[in-house]
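Okay, structure first, notes after.
Only this structure's heavy atoms are used, side chains among them; waters, hydrogens and symmetry mates stay out.
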Amino acid sequence: MNKLWWAILFQILGGVFAWVQLQGHYAWPSLKLMKNPIFIMCLSLPIAPLYWFSTKWSFEHFGAFWNMRLAGFGIGTIVFGLMAWAMVGEIPTLKTIICLLLGLAIILIQISNLG
């Protein structure tokens, strides 16, 4: 697996963990740990390296920062949408589906060899 795929995988994992960190207290309201500020801050410890390595590997692949910055936006949007749907049953509206498709388009444009 080349550095681009590792960068994408770490973006996805970072998005999943960040969703749990920031929206977990809504998804699991009875879990008191998800409302503890110290625990929430400690969750940053595994999240930060995921994004750091993703940035490192994408820069080594592309030689620029913008590609993964924009692809990461699309990945984060898609991960957030899927997590909200799967974890709290928030069904995407038509405009949300269009935004998810735009996020996918951004990802495909950035990771392709165009221009």
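Side-chain contact between Ile107 and Ile8 is absent, with no heavy atoms from C-beta onward closer than 4.5 Å. Between Trp28 and Val20 there is a side-chain heavy-atom pair separated by less than 4.5 Å. Within the 4.5 Å cutoff, the side chain of Tyr51 has no heavy atoms near those of the Phe10 side chain.
Atom CZ of Phe39 is separated from atom CG of Leu31 by 7.5 Å, given to the nearest 0.5 angstrom. Taking SG from Cys99 and CG from Leu94, the interatomic distance works out to 9.5 Å, rounded to the nearest 0.5 Å. Distance check: Gln23 CD to Met34 CE gives 9.5 Å after rounding to the nearest 0.5 Å. Separation of atoms CG (Leu43) and CG (Asn36) is listed at 10.0 Å; rounding is to 0.5 Å. To the nearest 0.5 Å, the span separating CH2 on Trp66 from CZ on Phe59 amounts to 14.0 Å. Separation of atoms CG (Leu100) and CZ (Phe80) is listed at 10.5 Å; rounding is to 0.5 Å.
A pairwise comparison of heavy atoms in Ile111 and Ala71 identifies CG2-CB, 4.5 Å as the closest pair. Closest approach of Ala27 and Trp19 over heavy atoms only: CB-CH2, 3.8 Å.
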- Task: Begin from the C-alpha positions of Gln110 and Met68 and carry the test side-chain contact (heavy atoms from CB on, under 4.5 Å) through to its verdict.
- Result: CA-CA 7 Å; Gln110 291 303 316; Met68 190 49 78; over 6 Å; no
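Without hydrogens or angle criteria, Lys35 side chain to Pro29 main chain gives a donor-acceptor distance under 3.5 Å. Under the 3.5 Å distance criterion, the side-chain polar atoms of Ser58 are matched with a main-chain donor or acceptor of Ser54. One N or O on the side chain of Gln21 and one on the backbone of Ile40 form a donor-acceptor pair closer than 3.5 Å. With Asn67 contributing its side chain and Phe62 its backbone, the two residues share no donor-acceptor pair below 3.5 Å. With hydrogens and angles disregarded, no donor-acceptor distance shorter than 3.5 Å links the side chain of Tyr26 to the backbone of Val88.
One hydrophobic cluster, built from ILVMFWY side chains closer than 4.5 Å, holds both Phe17 and Leu33. Cluster membership for Leu22 and Val16, using ILVMFWY side-chain heavy atoms within less than 4.5 angstrom, is not shared. No chain of hydrophobic side-chain contacts below 4.5 Å, direct or via other Ile, Leu, Val, Met, Phe, Trp or Tyr residues, connects Phe65 to Ile75. Side-chain heavy atoms closer than 4.5 Å link hydrophobic residues (I, L, V, M, F, W, Y) into clusters, and following such links, possibly through other members, connects Leu13 to Leu4. Put simply, Met83 and Leu50 are part of the same group of oily side chains (I, L, V, M, F, W, Y) that touch within less than 4.5 Å, one to the next.
Around the CZ atom of Phe73, the shell of radius 6.0 Å holds no more than 12 heavy atoms that belong to other residues, nucleotides or ligands. More than 12 heavy-atom neighbours from other residues, nucleotides or ligands sit within 6.0 angstrom of CD on Glu60. Residue-environment remark: CD1 (Ile91) stays at or below the threshold of 12 foreign heavy atoms within 6.0 Å.
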